Amino acid sequence: FSILGISLFIGIFYFLFFSPLFQVDKVIVNGTHFINKNKIQGLTELSLDRRILFIPTKSLFALNKRNLKGAILDNFFPAQNVVIKKHFFDKSLLIDIREKKPQAICCDQEQCFFVDKQGVIFQPVSLSKGQELSNFNMAIIRFPDKLKIRDNVFNNKTLGQILLIFSETKREENLNIAEFTISSSTIKAKLKNQIIIYFNSQKDIGLQLQDLFVFLDNQFSEVGSPKILPKTETELPAIKKSLKDIEYIDLRFDKIFYK
């Protein structure tokens, strides 16, 4: 190599990695709700602070975006995806965070957590003064054992069944579900009026819901499902029971049981 070539290489190397033109002035973090953006900025600053040949630099060229993305995903579990963009014109780094979306709330004896669409716990639930879990308008599932972040509390099928039950029953004012508990083959739904409804998770939940609405429409005065056709004008009205008179409805078998 000629002296001119070596000098040119050194000049370009210095220009890219040590020139003030490419030193990061600001880190912008967007898309956070659960994650503290200041902590992401702090982690990013650690990734930016480099030493090349013992000389400190925060050059955009020295930053490895793949490594920074991996560090954010490893350290901030609510993050589902991260997009990092280098903006050379204003010497900034833009970090767009896409967080996981809560699908339901799972609670042990002490604390409640949000779960994602995979049934994995990813964030503790924080309640502000005067706020209740019901304000989130999500299914609440109770567990007897202690829960923690990253626990996979149930599979996609079970979560889907719970969400279907929750969304369909809340259309009826007297069928609003307060909380769920689950076992190997049973989904237990406790209504706000204290009635218990048992579902069989090994059978079609949609069919069990249809059976429930037909049963309630025929037996009880408080519930009228929009799925059920109205009675004909010539049909005499039946004398119906009140939901207040029962403790539970069991849909797990071929015949519906209630007490």
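We're numbering straight along the sequence, starting at 1. Bear in mind that the values here come from a model prediction, so they are computed numbers and not experimental data. Values below: all heavy atoms of this structure, side chains included; hydrogens, waters and symmetry mates excluded.
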Name the atoms and distances for all side-chain donor-acceptor pairs under 3.5 Å in residues 65-75, with sequence neighbours left out.
{"from": "Lys65", "atom 1": "NZ", "to": "Ile84", "atom 2": "O", "distance (Å)": "3.3"}
{"from": "Lys69", "atom 1": "NZ", "to": "Asn81", "atom 2": "OD1", "distance (Å)": "3.4"}
{"from": "Asn75", "atom 1": "ND2", "to": "Ala71", "atom 2": "O", "distance (Å)": "2.7"}

Among all residues two or more places apart in sequence or in another chain, which pass the side-chain hydrogen bond (donor to acceptor under 3.5 Å, both in side chains) test with Ser59?
-> none

Taking side-chain contact (heavy atoms from CB on, under 4.5 Å) as the test, write out the residues that go with Asn152, two or more places apart.
-> Val120

N/O donor-acceptor pairs under 3.5 Å from side chains in residues 194-205, not counting sequence neighbours:
{"from": "Gln194", "atom 1": "OE1", "to": "Lys190", "atom 2": "NZ", "distance (Å)": "3.3"}
{"from": "Asn200", "atom 1": "OD1", "to": "Gln202", "atom 2": "N", "distance (Å)": "2.8"}
{"from": "Asn200", "atom 1": "ND2", "to": "Arg252", "atom 2": "O", "distance (Å)": "3.3"}
{"from": "Ser201", "atom 1": "OG", "to": "Ser185", "atom 2": "O", "distance (Å)": "3.2"}
{"from": "Lys203", "atom 1": "NZ", "to": "Arg252", "atom 2": "O", "distance (Å)": "3.3"}
{"from": "Asp204", "atom 1": "OD1", "to": "Gly206", "atom 2": "N", "distance (Å)": "2.8"}
{"from": "Asp204", "atom 1": "OD1", "to": "Leu207", "atom 2": "N", "distance (Å)": "2.9"}

For Asp250 and Phe257, indicate whether the former's side chain and the latter's backbone hold a donor-acceptor pair under 3.5 Å.
-> no

ILVMFWY cluster, Tyr258 and Phe213 together (side-chain gap under 4.5 Å) = yes

Reported CD1-to-CD1 distance for the pair Ile121 and Ile105, which is rounded to 0.5 angstrom | 11.5 Å

Quick one: list whatever passes side-chain hydrogen bond (donor to acceptor under 3.5 Å, both in side chains) with Asp116, sequence neighbours left out.
-> none

Under the ring-ring contact (aromatic ring centres under 6.0 Å, His included) rule, collect the residues that match up with Phe89, sequence neighbours excluded.
-> His87

Decide yes or no for Lys146 and Glu110: does some side-chain heavy atom of the first lie under 4.5 Å from some side-chain heavy atom of the second?
-> yes

Would you tell me whether Cys112 and Cys106 have their SG atoms within less than 2.5 Å of each other?
-> no

Run through the side-chain heavy atoms of Ile, Leu, Val, Met, Phe, Trp and Tyr, join any pair under 4.5 Å, and report what else lands in Val83's cluster.
-> none

Value for CG (Leu93) from NZ (Lys58), rounded to nearest 0.5 Å, stands at 10.5 Å

Taking ILVMFWY side chains as joined if any heavy atoms are under 4.5 angstrom apart, and letting links pass through other members, which residues group with Ile28?
-> Leu94

Taking atom NZ of Lys86 as the centre, report whether more than 12 heavy atoms of other residues, nucleotides or ligands fall under 6.0 Å from it.
-> yes

side-chain hydrogen bond (donor to acceptor under 3.5 Å, both in side chains) partners of Gln23, counting only residues at least two apart | Thr57

Kindly compute the distance separating NZ (Lys148) from CD (Gln111), expressed to the nearest 0.5 Å.
-> 13.0 Å

Contacts of type side-chain hydrogen bond (donor to acceptor under 3.5 Å, both in side chains), residue Lys255, not counting sequence neighbours = none

Residues 135-143 side chain polar contacts: donor-acceptor under 3.5 Å, at least two apart:
{"from": "Asn135", "atom 1": "OD1", "to": "Glu132", "atom 2": "N", "distance (Å)": "2.7"}
{"from": "Arg142", "atom 1": "NE", "to": "Glu179", "atom 2": "OE1", "distance (Å)": "3.2"}

Flag side-chain contact, heavy atom, 4.5 Å: Ile149 against Pro124 = yes

Just wondering, are more than 12 heavy atoms of other shown residues or ligands nearer than 6.0 Å to NZ in Lys170?
-> yes

By ring-ring contact (aromatic ring centres under 6.0 Å, His included), which residues pair with Phe34, not counting sequence neighbours?
-> Phe114, Phe122

Between Ile256 and Ile249, is any pair of side-chain heavy atoms under 4.5 Å apart?
-> yes

